[in-house]
Amino acid sequence: MAVDEGSWYGQDSGVSQVRGQLFEAICLLATSVGIVSVLILLLYVTLDAFEPLTADPGWHLVFLLTLVLPATLLAIYYYRSSDPAGEVAYVTTGLPIVGLLLSGGVLVVFAELLAIKEWFALALSLGAVGVVWYAHKRGRPSAVLERFGILILGTAVSVFGLPPTALARVAGLPKRIVSLRELVLELPYLPLSSLQVVATLTLPVAALAGLFVARRRASRRDGVVAAALIVTGALFGPVIDAVVGINGEVWVVLVTMTAVPVAVYIEGVVRRKEGVAGLAFPLVLVGGVAVGTVLVNALGFAGPDVWLDWSYLTSAPSTTPEEAGIYPALVGSVMLLLVIVAMTFPVGVGAAIYLEEYAPSNGLVGKFVTLIEINIANLAGVPSVVYGLLGLALFINFVHLPSGSVIVGGLTVGLLILPIIIISAQEALEAVPDSMRQASYGMGATRWQTTRNVVLPEALPGIMTGTILGLGRAIGETAPLLLVGIAASVGLAPAGFLDLTGAMPRQIFTWAFEPKPEFRYGVLAAGVVTLLAVLLVMNATAIVIRNKYQRE
Amino acid sequence: MTPDESTQSSASTGTQTTTTDGPLVDQQIDVDTNDARPSAETVIEARHIDVFYDDVQALDDVSIEIPEQQVTAMIGPSGCGKSTFLRSINRMNDLVDAARIEGELLFRGKNVYDEDVDPVALRRKIGMVFQHPNPFPKSIFDNVAYGLRVQDMDVDEEQVVEESLKKAALWDEVKDQLDSSALDLSGGQQQRLCIARAIAVDPEVILMDEPASALDPIATSKIEDLIDDLAEDYTVVIVTHNMQQAARISDKTAVFLTGGELVEFDDTEKIFENPEHQRVEDYITGKFG
Amino acid sequence: MSADTSTTEAITSPPEQATRERLYRYALFACAAVSILVTLGIVLVLGYGAIDFFQQYDPVAFYTGTEWIINRDKLGVLPLLSGTVLVTVLSAMVALPIGLAAATYLSEYASERARSVLKPALEILAGIPTVVYGYFALVYVTPFLQALGLPLGTFNVLGASIMVGIMILPMVSSLSEDAMSSVPDSLRQAGYGMGATKFEVSTGVVIPAAVSGIFSSFILALSRAIGETMIVAVAMGQSPQLISVADPLSNVFESNLPMTSAMVQLVQAENAGGVIYQSMFAIGLTLFVVTFLMNLASNRIAAHYREEYE
């Protein structure tokens, strides 16, 4: 074969190499353009919310030395060295943050929605039903329908009385069976409110934590010790209240929801001796902030003139920018979220279980099931504003629920994210290897037993991740809230589920049209950062859960 | 079709020599004639079973009587319906929407496909071990106890777990780590765990679908010894594509050939030394398959 | 052989367990059926509302009217449609090429490490609430563009459309990347084997092979842009304008009112139950039908594509 000397290689490659590199560069640029521009916008918002440039240079210097430098050095150290330390670092920092947010949520519920003693009465009445149900299960295990009836009827009687107060008044009945909940409320002497919280919140959490620890350490005794420690720590509440003045209930909630997960996690880390160095990170952060604050106060440096501070988070909106706050909208969002979770989690996961585990794939029912799946995929693509119309026409015009109430907003947004929850739960269930199901069926387990004992535990992290991401979407949705009448701006947080409420994204929308620049660049920025911070924590939690269980 | 070893039958009685491709050369198929168990009652009887997956026929007019407390092996090339037949016995095919069965399959005289038979209850009497070990992601103890809990059996869990693990020849290896995850065990150990799990609920029949095919030779031989012991207490029906294995451990052998047809079913000795049908002879001597 | 009675007993089902199992099955089916109820609800609500409206206002006038002035009872939907079309086209001009290029990079060029950083980063873009994007458009993007010298009003189409484009970017890039990754490696190998460069393989082999998946991602993203409400409600103002052929740049630099913000505006209007208010349902129906058809088309195309490689 004749070949021209040196001409089959090298001549064209110069041009095509340049072209190839240019193309790659353009594609890389494209990938980064969206990310970088959003990052810049986020930076702008944060700067506007916190106005760091208004602080003294000395203030910046102090915190640079006490906080930023040590934290960055430690982070670089983690990045260079073994991996577990870095992971331990961000989990130990993130867990308390998540715990604090959850505690905040619980405290907000107690402050606005349900007085502690009402919660106590409710918990006791539900607990009584549980005891009766368990006794029935032990005594007459085979009467399933009967037990189901007891569950429904018992809950109704115990919580609402027979017949419920409203109906009795309407029917004019003089006598009725008083509900257990009302009985408890009328007791002449109730235990201290912080102790009530201990009994109803801490005890179940301590029991769960104890079980968890017992399994991890393969020792029942250790589990009991852990549970006892938790309860004892919580019981310090009244003492702290008397001595230091921090609200007893706040202490109990903080211990239960923040200290417990962190302690359990740290116990695991210390026991496995993996990445213990990571535990230093949160200490460095907290220490840095503390030392920095002391120094700054001592040296008299002024801090930045932040828009987003504690008073912002706890005040109501106002026409004066400096006094405007987001508290009622925040509470509204929390309560909306409660409704959304209560509605979408059971229905969504139930639907996913049916579609994955129970649905036949042929025959008449099978065709109907395929229709359901196609339908769900389509629902996921319907614009959010149409869901708002649905909520408006269905819940407000047809069922006559109060316009702009928590329950209407929650149900509407719940319907919006229901398809998302179903789809992600389905994916999680699908990922469970079929061999596990076969093994379970082969041993004579029924479909429900297989689902509950084998499939669900395996799919649970995936389901949790999908749910948290779905809730993150729900918290930021505005269009349906607009159509359903959620208040543009509320002065008071809602006290019940039928009360008119605001919500964070709705409040942001209102502020966007305020003409004053302080609003547009200050208050609004603070609101946006608050919303984004909550979202960041939620998404980060979901991703951490997904990564942790995918590796396993 | 799985490639088969070529065989030459030798004139001497009782043994056949085979030559294989690969490292194991001149391996003998020993048919164990010494420990033949006494013939027994029929525990499972199939009468003219046909199984279809949509329009494809997987089993064609299979009739067989499986004796109690013996090891019955089902051999044949891949795709001939051995696993399908096995899964029809404990109605695992119910889980496949496209599967359709005709004919009768009797377990102690009762047709398991009758209207009033609950497949769940059936599987408590007829256990199954799968080709790839599939322990649950739980502790070893919880794996073995799973069947007990799911069937709400009123027994001393710890005792039953210990006995089952002993019968599965796994107790000594795991007795100190019952709470550790089953997934930490080796493949052979996991399969023995699955066997322990299956026998913990005290079934009458154990179905095994190529239980050792995913294991190394040492683990395989441990499983084979185990099967021999199991037949003391349970009826064992085992599907295998390894003819030497079938010859080693089974009392009776059924040969399935293309199209889901049960061509011959007889004492193992007879099948391997002197089968009635030419096709079976051809399969065993490796002329096809 | 007669049936062994103890065996028969053992393998027939205990009644209470069967009941319990059936209970669970029905309960779970009910959960799944909720989704059908939701769709039915949407269709009924929109249908009734639209019929109600069209009984009071001529549908032809509605769909061909070129003026949308609430106070004078002029309800022509064309200005709203043109607002929606403007936003969709502009955001497509941003999102589609950038998204496709990003997908190409992620699928063909990025290392594992880079992909593990960039993919989640793009997902974050999808997770930001749309009202925040609207805020960004209003408070940062528009002033920035104004500083560049463009004669934009405070509320304008350009800023909002750019943000809508960035919002739908992750959709395009993620779905297109999935489509491109599903192209079997053997095709790429065939290209390389013939002496093609990476650029030639990516643009000449992979992208054409993945074109239906890419196309379906485009349609989905556009449908999302059509249904987008908050960004346009915050950043685009409330003055409906027909597309002006005479002064094309005015379309982009001035404010406009797409269908979605029109609905928001209507619900905040004073007369609930009146004709004006009811028009919301007619607009909603139009919106629903358009996005539904687009999603259907996108699924069809994607399904067709999936068959080719199975």
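A, B, ... follow the sequence lines: proteins, then strands. Residue 1 opens every chain.
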I would like to know whether A:Leu42 and C:Phe136 meet side chain to side chain contact (heavy atoms under 4.5 Å, CB included); could you show each step before the answer? CA-CA 9 Å; A:Leu42 290 174; C:Phe136 284 161; 3.9 Å; yes
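- Inter-residue side-chain proximity for A:Leu390 and C:Val38 is flagged as met; some heavy-atom pair is nearer than 4.5 Å.
- At a 4.5 Å heavy-atom cutoff, the contact between A:Ser37 and chain C is made by side-chain atoms alone.
- Contacts between C:Val34 and chain A at a heavy-atom distance below 4.5 Å involve the side chain alone, from C-beta outward.
- When heavy atoms are compared at a cutoff of 4.5 Å, A:Ile372 approaches chain C by way of both its backbone and its side chain.
- Residue A:Leu418 touches chain C through its side chain alone, counting heavy-atom pairs closer than 4.5 Å.
- Heavy-atom neighbours of C:Tyr192 OH from other residues, nucleotides or ligands within 6.0 Å: above the threshold of 12.
- Distance check, rounded to the nearest 0.5 Å: CZ of A:Phe368 to CZ of C:Phe29 gives 4.5 Å.
- With a threshold of 4.5 angstrom between heavy atoms, A:Val369 does not approach chain C through any atom at all.
- For a residue to count as touching a neighbouring chain, one of its non-hydrogen atoms must lie under 4.5 Å from one of that chain's; by this rule C:Leu100 does not touch chain A.
- Only the backbone of A:Pro346 comes within contact range of chain C, judged by heavy atoms closer than 4.5 Å.
- For C:Ala233, the parts lying near chain A are the backbone and the side chain together; criterion is any non-hydrogen pair under 4.5 Å.
- Considering only heavy-atom pairs separated by less than 4.5 Å from chain C, the leading option among A:Ile353, A:Leu28, A:Ile26, A:Ile376 is A:Leu28.
- In this structure, chain A has a heavy atom under 4.5 Å from the side chain of C:Tyr133, while its backbone stays farther away.
- Applying the side-chain contact (heavy atoms from CB on, under 4.5 Å) test between C:Tyr135 and each of A:Leu524, A:Leu531, A:Leu41 identifies A:Leu524 as the sole match.
- Contact of A:Leu392 with chain C is made through the side chain alone, with heavy-atom distances under 4.5 Å.
- Taking A:Asn375, A:Asp48, A:Leu536, A:Leu22 one by one and counting their heavy-atom pairs under 4.5 Å with chain C, the maximum is reached by A:Asn375.
- Proximity to chain A is absent for every atom of C:Ser107, based on heavy atoms less than 4.5 angstrom apart.
- Contact check for A:Arg19 versus C:Thr197: side-chain heavy atoms found under the 4.5 Å cut-off.
- Proximity to chain A (any heavy atom under 4.5 Å) is shown, for C:Met294, by neither the backbone nor the side chain.
- Contacts of A:Leu483 with chain C are made by both backbone and side-chain atoms, with heavy-atom separations under 4.5 Å.
- Formation of a donor-acceptor pair under 3.5 Å by the A:Asn539 side chain with backbone atoms of C:Ile124 is not found in this model.
- Heavy atoms closer than 4.5 Å to chain A are found in the side chain of C:Leu169, but not in its backbone.
- Heavy atoms of C:Glu108 lying under 4.5 Å from chain A are absent altogether.
- Note: A:Val528 leads A:Ile374, A:Val365, A:Val528 in heavy-atom pairs under 4.5 Å with chain C.
- The candidate with the highest count of non-hydrogen atom pairs below 4.5 Å against chain C, out of A:Cys27, A:Ser32, A:Gly20, A:Gly527, is A:Cys27.
- Contacts between A:Leu482 and chain C at a heavy-atom distance below 4.5 Å involve backbone atoms as well as side-chain atoms.
- Looking only at side-chain heavy atoms (C-beta outward), A:Val382 and C:Thr39 stay at 4.5 Å or farther from each other.
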Audit row: A:Glu24, C:Lys198, side chain to side chain contact (heavy atoms under 4.5 Å, CB included) steps and yes/no: CA-CA 9 Å; A:Glu24 182 176 349; C:Lys198 195 157 190 175; over 6 Å; no
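- The OG atom of C:Ser35 sits 7.5 Å away from atom CG of A:Leu355, with the distance rounded to the nearest 0.5 Å.
- Only the side chain of C:Ile166 has a heavy atom closer than 4.5 Å to any heavy atom of chain A.
- The candidate from C:Thr130, C:Val141, C:Val132 with the greatest count of non-hydrogen atom pairs under 4.5 Å with chain A is C:Val132.
- With a 4.5 angstrom heavy-atom cutoff, C:Leu138 touches chain A only via side-chain atoms.
- A:Ala352 does not touch chain C: none of its heavy atoms, backbone or side chain, sits under 4.5 Å away.
- When heavy atoms are compared at a cutoff of 4.5 Å, C:Glu228 does not approach chain A at all.
- For A:Val33, the part lying under 4.5 angstrom from a heavy atom of chain C is the side chain only.
- With a 4.5 angstrom heavy-atom cutoff, C:Ser298 does not touch chain A via any of its atoms.
- Between A:Phe23 and C:Phe199, the two ring planes are perpendicular [angle over 60°; tilted spans 30° to 60°].
- Heavy atoms of C:Leu125 lying under 4.5 Å from chain A belong exclusively to its side chain.
- Of the atoms belonging to C:Phe155, it is side-chain heavy atoms, and not backbone ones, that fall under 4.5 Å from chain A.
- The part of A:Tyr387 that comes within reach of chain C is its side chain, from C-beta onward, which places non-hydrogen atoms under 4.5 angstrom from that chain.
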